[in-house]
Amino acid sequence: MAEKISAPKGTYDILPRDQPVRLWVEGRAADVFRRYGYGRLDTPMFEETRLFARGVGESTDIVRKEMYTFQDMGGRSMTLRPEGTAPAARAYVEHGMHTWPQPVKLWYHWPMFRYESPQSGRYRQHWQFGIEAFGSDSPVLDAEVIGVLATLYDDIGLAQVELRLNSMGCRECRPDYVARLRAFLEDRKGELCKDCRERATLNPLRTFDCKVEGCRAVMEQAPRLIDWLCPACAEHHAVVQRHLELQGIAYLPDHRLVRGMDYYTRTTFEFQSAVLGAQSGVGGGGRYDDLVETIGGPPTPGVGFRNGSRTHPSGIGAFPRRPAHGRGTDRLPSRPHRRGPGTGLPAGPRAPPAGGRGGA
RNA sequence: GUGAACGUAGCUCAGUUCGGUAGAGCACUGGAUUGUGGCUCCAGCGGUCGCGGGUUCAAAUCCCGUCGUUCACCCCA
């Protein structure tokens, strides 16, 4: 026998038994997005490399060392998309969506590619749901986007998630704050770990993430971005919170919450699950008011979220879920019957959730 | 990129401590039985023990390397 060939490192096959859950989740998501007025967008799986370099940010790890970049036959540098917001923004500009009624609301379910070393819930190709709303800087829209994700989680019965909320400020107030933070870190340099001393110059906001006890103690006394927002950002943040409360969405203010892309401004948020170990983020997002302009479009604010398949190839399927309630008829389908015509049809609406790898 | 654990039939694993040329259950195939393709019973198929070196009379078992998986760090979905 010839040498066996297996799926590339960090990738996985999605077998017939996984499809019912997958289709069910996508169906639920599509339904929620539709109810909120989002239309589906599909873009190519690869884009010109400079779209991500500019959109995601040259200083991010994604752009610096995690992209699947290749040269096509015409000598152009192309990259398998590592995230969805930049391509969506590109499509917004390319198709003149600024002439559509604003905000333009888009959703997608796409595979993403990152050259990382795989570990729990982290793959080289994974699927993400996302929504993006372009063309409105209203804080009410931020709260709505968070509401969409909360509704989706509620709809599929995802349990034990909590929402963390922060504001990253804008190009007016963040630079001032970062300078202030840098000065603080420089001052306390001696008390920081080796990693943090590097972070202090490269990406000072990340020093808040450090798990080293000494660093945590120092960072307790560090200036907090949330305290140094400009009046406009502070007001924006306050309105977002008020509208979360109006929707009855519980959240935890977390001034240390920093997400991976450079494009975030003002609102950032993340739903986390206590049961996922180190990879606790389930989904999150935020506002990106400068992104469209950065990639060559007209100044256009935007806000969105993405939800990654953290634990299971079939997507959200393996997350812990609440028991099905009596009236919610559209619960998760069970695995198809062993025998039968081979259609893989769900057994029925009342089947209990099945979790775990390969389950359901 | 760093560290640790692991890698034996399609699947879940035993065997590795104290080296002696591979086992179980499930699945699959065939048969018996049975008013179903269900149950039970019988039989069978199936592994160069991830790969490559080394030590040894002899390696799944010890040593080195390599690839892969998992978990953690980094970072992040």
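Just so we're on the same page: letters track the sequence lines, and every chain starts at 1.
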Expressed in whole Å, how much space separates the C1' atoms belonging to B:rC49 and B:rU8?
4 Å

Taking only N and O in the side chain of A:Arg259, is any of them less than 4.0 Å away from OP1 or OP2 of B:rC75?
no

State whether A:Lys211 places a side-chain N or O below 4.0 Å from either non-bridging phosphate oxygen (OP1 or OP2) of B:rC74.
yes

For B:rC11 versus B:rC75, give the span between their P atoms, rounded off to a whole number of Å.
36 Å

Would you call the rings of A:Phe271 and A:Phe269 parallel, tilted or perpendicular, taking 30° and 60° as the class edges?
perpendicular

Please give the nucleotide sitting opposite B:rU56 as a Watson-Crick or G-U wobble pair, both distances under 3.5 Å, or none.
none

Strand partner of B:rU16, provided both Watson-Crick or wobble distances fall under 3.5 Å
none

So if I take every side-chain heavy atom of A:Asp61 and compare against B:rC75, B:rC71, B:rA77, which nucleotide ends up nearest?
B:rC75

Does a donor on one side chain and an acceptor on the other come within less than 3.5 Å for A:Arg114 and A:Gln125?
no

What nucleic acid atoms does A:Gly130 come within less than 4.0 Å of, heavy atoms only: base, sugar-phosphate, or nothing?
nothing

Under 3.5 Å, which N/O atoms of the protein pair with N/O atoms of nucleotides 1-9 of chain B?
from	atom 1	to	atom 2	distance (Å)
B:rG1	O6	A:Ser117	OG	3.3

Respond yes when some side-chain nitrogen or oxygen of A:Arg306 is under 4.0 Å from OP1 or OP2 of B:rC76, and no when none is.
no

Calculate the interatomic distance between A:Trp110 atom CH2 and B:rA77 atom C1'; express it in whole Å.
15 Å

In whole angstroms, the gap separating C1' of B:rC11 from CG of A:Leu15 amounts to 13 Å

Paired to B:rC41 by Watson-Crick or G-U wobble criteria (both distances under 3.5 Å) is B:rG31

Assign A:Arg199 to base, sugar-phosphate, or nothing according to its heavy-atom contacts below 4.0 angstrom with the strands shown.
sugar-phosphate

Under a 4.5 Å cut-off applied to non-hydrogen side-chain atoms, are A:Met261 and A:Ile62 in contact?
yes

Given RNA chain B, 5'-ward residue of the pair A:Ser6 and A:Met261, judged by closest heavy atom
A:Ser6

Pairwise C1' distance for B:rC13 and B:rA60, with rounding to whole Å:
14 Å

Expressed as a whole number of Å, how far does the C1' atom of B:rC18 sit from that of B:rC39?
46 Å

For atom CZ of A:Phe271 and atom C1' of B:rC76, their distance in whole Å
18 Å

Give a yes-or-no answer on whether the side chains of A:His237 and A:Glu235 include a donor-acceptor pair shorter than 3.5 Å.
no

I'd like the C1' distance from B:rA9 over to B:rC45, given in whole Å.
11 Å

Let me know the distance between CE of A:Met67 and C1' of B:rC75, rounded to the nearest Å.
15 Å

Interatomic distance at C1', B:rU33 relative to B:rG50, whole Å
43 Å

Is B:rC73 paired to anything, Watson-Crick or G-U wobble with both distances less than 3.5 Å, and if yes, which nucleotide?
B:rG1

Check for a donor-acceptor pair, side chain of A:Gln102 on one end and backbone N or O of A:Met97 on the other, with a separation under 3.5 Å.
yes

Has A:Asp142 got a side-chain atom pairing as donor or acceptor with A:Thr267's backbone, closer than 3.5 angstrom?
no

Do we see a donor-acceptor contact under 3.5 Å between the side chains of A:Asp289 and A:Tyr263?
no

Other hydrophobic cluster members with A:Met45, side-chain heavy atoms of Ile/Leu/Val/Met/Phe/Trp/Tyr under 4.5 Å, chained?
A:Phe46, A:Tyr68, A:Phe70, A:Met78, A:Leu80, A:Phe113, A:Tyr115

NA contact type, A:Lys9, heavy-atom cut-off 4.0 Å: base, sugar-phosphate, or nothing?
sugar-phosphate

How long is the line joining CZ of A:Phe208 and P of B:rC74, in whole Å?
16 Å

Could you state the atom-to-atom distance from CG of A:Asp195 to C1' of B:rA72 in whole Å?
14 Å

Taking the P atom of each, how far is B:rU17 from B:rU21, in whole Å?
14 Å

Tell me the partner of B:rG68, counting only Watson-Crick (N1-N3 plus N6-O4 or O6-N4) or G-U wobble (N1-O2 and O6-N3) with both under 3.5 Å; none if nothing fits.
B:rC6

Round to the nearest Å and state the distance from A:Leu202 atom CG to B:rC76 atom P.
11 Å

Pairing partner of B:rU36, by Watson-Crick or G-U wobble and under 3.5 Å for both distances, is none

Kindly indicate, with the supporting measurements, whether the criterion salt bridge (Lys or Arg N to Asp or Glu O under 4.0 Å) is fulfilled by A:Asp42 and A:Arg40.
CA-CA 7 Å; A:Asp42 285 294; A:Arg40 183 164 190 165; 3.4 Å; yes

Could you tell me which residues satisfy ring pair (Phe, Tyr, Trp, His ring centres under 6.0 Å) with A:Tyr92, sequence neighbours excluded, listed by chain and number?
A:Phe134

Would you mind reading off the distance between A:Asn307 atom CG and B:rC76 atom P, rounded to a whole angstrom?
18 Å

Distance between C1' atoms of B:rC76 and B:rA14 (Å, rounded)
39 Å

When you measure only distances, ignoring hydrogens and angles, does the side chain of A:Glu116 come within 3.5 Å of the base of B:rA77 through a donor and an acceptor?
yes

